[in-house]
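Only heavy atoms go into these numbers, but all of them, side chains included; no hydrogens, no water, no symmetry mates.
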Amino acid sequence: QAQLVESGGGLVQPGGSLRLSCAASGFTLNYYDIAWFRQAPGKEREEVACHAYSNESTTYADSVKDRFTISRDAARNTVFLQMNSLRPEDTGLYYCAADLFTGYVCYVSPTHSNYKGRGTQVTVSA
């Protein structure tokens, strides 16, 4: 069964770090753009970061620039999200999604992607 499975979430104090993993099974992440999204209660879904297959470019939401880093490990068929200097407003359910690449600009549909994981909870609190 082809799927994406996230892990690495948890409770962390403000200023702390977490590394999320998005592991693909049943298919290869080659030829797919990959994005991390987050959803918090009462807030709109937000695309946090995107990694393009075609040229390995990355894009980030302004709210996480210079704090989060998305990376891809082809050998492990896994995408990571390194999150540093975490803030309470980073709290939410983080999920990864994958769409076949269509060009040089990273794009993953937040609702109709080819694959989407169930998410991992991140809570930033003292």
Side-chain angles (χ1 to χ4, degrees):
Q1 179 182 358
Q3 59 181 351
L4 294 172
V5 178
E6 303 92 339
S7 61
L11 173 64
V12 63
Q13 292 188 340
S17 298
L18 284 173
R19 188 174 83 151
L20 306 184
S21 299
C22 169
S25 61
F27 73 105
T28 175
L29 288 176
N30 289 343
Y31 305 110
Y32 285 88
D33 291 345
I34 309 294
W36 283 95
F37 297 88
R38 67 184 179 190
Q39 179 76 62
K43 293 185 178 180
E44 290 191 3
R45 177 180 45 237
E46 179 181 27
E47 179 180 299
V48 173
C50 196
H51 186 284
Y53 166 76
S54 58
N55 56 7
E56 299 189 34
S57 64
T58 56
T59 55
Y60 298 92
D62 288 343
S63 57
V64 306
K65 269 180 187 174
D66 301 323
R67 299 189 298 123
F68 290 12
T69 302
I70 187 171
S71 60
R72 182 191 303 240
D73 186 330
R76 296 170 63 180
N77 212 23
T78 300
V79 173
F80 301 98
L81 184 68
Q82 178 67 44
M83 306 187 297
N84 299 327
S85 303
L86 282 162
R87 306 167 180 169
E89 54 264 37
D90 293 319
T91 294
L93 181 69
Y94 285 70
Y95 68 92
C96 59
D99 262 332
L100 282 170
F101 87 102
T102 57
Y104 291 111
V105 177
C106 191
Y107 177 76
V108 178
S109 170
T111 56
H112 294 85
S113 56
N114 295 133
Y115 300 98
K116 187 174 75 172
R118 291 190 171 186
T120 184
Q121 179 67 34
V122 172
T123 302
V124 185
S125 175

Is it the case that one hydrophobic cluster holds both Tyr94 and Val5, taking links as side-chain heavy atoms less than 4.5 Å apart, direct or via other members?
no

So, the side chain of Ser85 versus the backbone of Gly15: is there a donor-acceptor pair under 3.5 Å, distance only?
no

So, taking the atom named OG1 in Thr102 and the one named OH in Tyr31, what distance separates them when rounded to the nearest 0.5 Å?
15.5 Å

Taking the six-membered ring for Trp and the single ring otherwise, decide whether the centroids of Phe101 and Tyr107 are under 6.0 Å apart.
no

Work out which heavy atom in Cys22 is nearest to a heavy atom in Leu4; give both atom names and the distance.
SG-CD2, 3.8 Å

Consider only side-chain heavy atoms of I, L, V, M, F, W and Y, link residues closer than 4.5 Å, and tell whether Tyr32 and Ile70 are in one cluster.
yes

List the steps and the verdict of side chain to side chain contact (heavy atoms under 4.5 Å, CB included) for Ser125 and Leu11.
CA-CA 7 Å; Ser125 175; Leu11 173 64; 4.2 Å; yes

Side chain Arg67, main chain Ser63, donor-acceptor under 3.5 Å
yes

When you measure from the side chain of Arg72 to the backbone N and O of His51, does any donor-acceptor pair fall under 3.5 Å?
yes

Mind listing the closest non-hydrogen atom pair of Ser17 and Asn84 along with its distance?
OG-OD1, 3.0 Å

Matching residue for Cys50 among Thr58, Thr59, Ile34 - test: side chain to side chain contact (heavy atoms under 4.5 Å, CB included):
Thr59

Under 3.5 Å side-chain donor-acceptor pair for Asp99 and Ser113
no

Considering all heavy atoms of both residues, which atom of Ala52 and which atom of Cys106 are nearest to each other, and what is their separation?
N-SG, 3.6 Å

Side chain to side chain contact (heavy atoms under 4.5 Å, CB included) partner of Phe80, the single match among Thr69, Leu20, Asp73
Asp73

Give the C-alpha distance, both sets of side-chain angles, the deciding distance and a yes or no for side chain to side chain contact (heavy atoms under 4.5 Å, CB included) between Val122 and Leu18.
CA-CA 9 Å; Val122 172; Leu18 284 173; 3.9 Å; yes

Counting distance only, does the side-chain N/O of Asp33 pair as donor-acceptor with the main-chain N or O of Tyr53 below 3.5 Å?
yes

Determine whether Tyr115 and Phe27 make a side-chain contact, defined as any pair of heavy atoms from C-beta on separated by less than 4.5 Å.
yes

In sequence, state the C-alpha distance, the side-chain angles, and the governing distance for Glu89 and Lys43, and then conclude on side chain to side chain contact (heavy atoms under 4.5 Å, CB included).
CA-CA 10 Å; Glu89 54 264 37; Lys43 293 185 178 180; 4.0 Å; yes

So do the side chains of Val64 and Met83 get within less than 4.5 Å of each other, counting heavy atoms only?
no

hydrophobic_cluster_shared for Leu100 and Trp36, side chain cutoff 4.5 Å
yes

Carboxylate-amine/guanidinium proximity below 4.0 Å for Asp90 and Arg87
no

Within the distance-only criterion (no hydrogens, no angle test), does the side chain of Asn77 pair as donor or acceptor with the backbone N or O of Ala23 below 3.5 angstrom?
no

Do the side-chain N and O atoms of Ser21 and Glu6 include a donor-acceptor pair separated by under 3.5 angstrom?
no

Give the minimum heavy-atom separation between Gln121 and Gly92, together with the two atoms involved.
NE2-O, 3.4 Å

Side chain to side chain contact (heavy atoms under 4.5 Å, CB included), that's the test. Do Arg38 and Tyr95 meet it? Break it down for me.
CA-CA 6 Å; Arg38 67 184 179 190; Tyr95 68 92; over 6 Å; no

If Ile, Leu, Val, Met, Phe, Trp and Tyr residues are connected whenever their side-chain heavy atoms lie under 4.5 Å apart, and connections chain through other members, are Leu29 and Val108 in the same group?
no

Step-by-step ring-ring contact (aromatic ring centres under 6.0 Å, His included) determination, Tyr60 to Phe68:
CA-CA 8 Å; Tyr60 298 92; Phe68 290 12; 8.2 Å; no

Hey, could you give me the CD/CG distance between Glu46 and Asp62, rounded to the nearest 0.5 Å?
9.0 Å

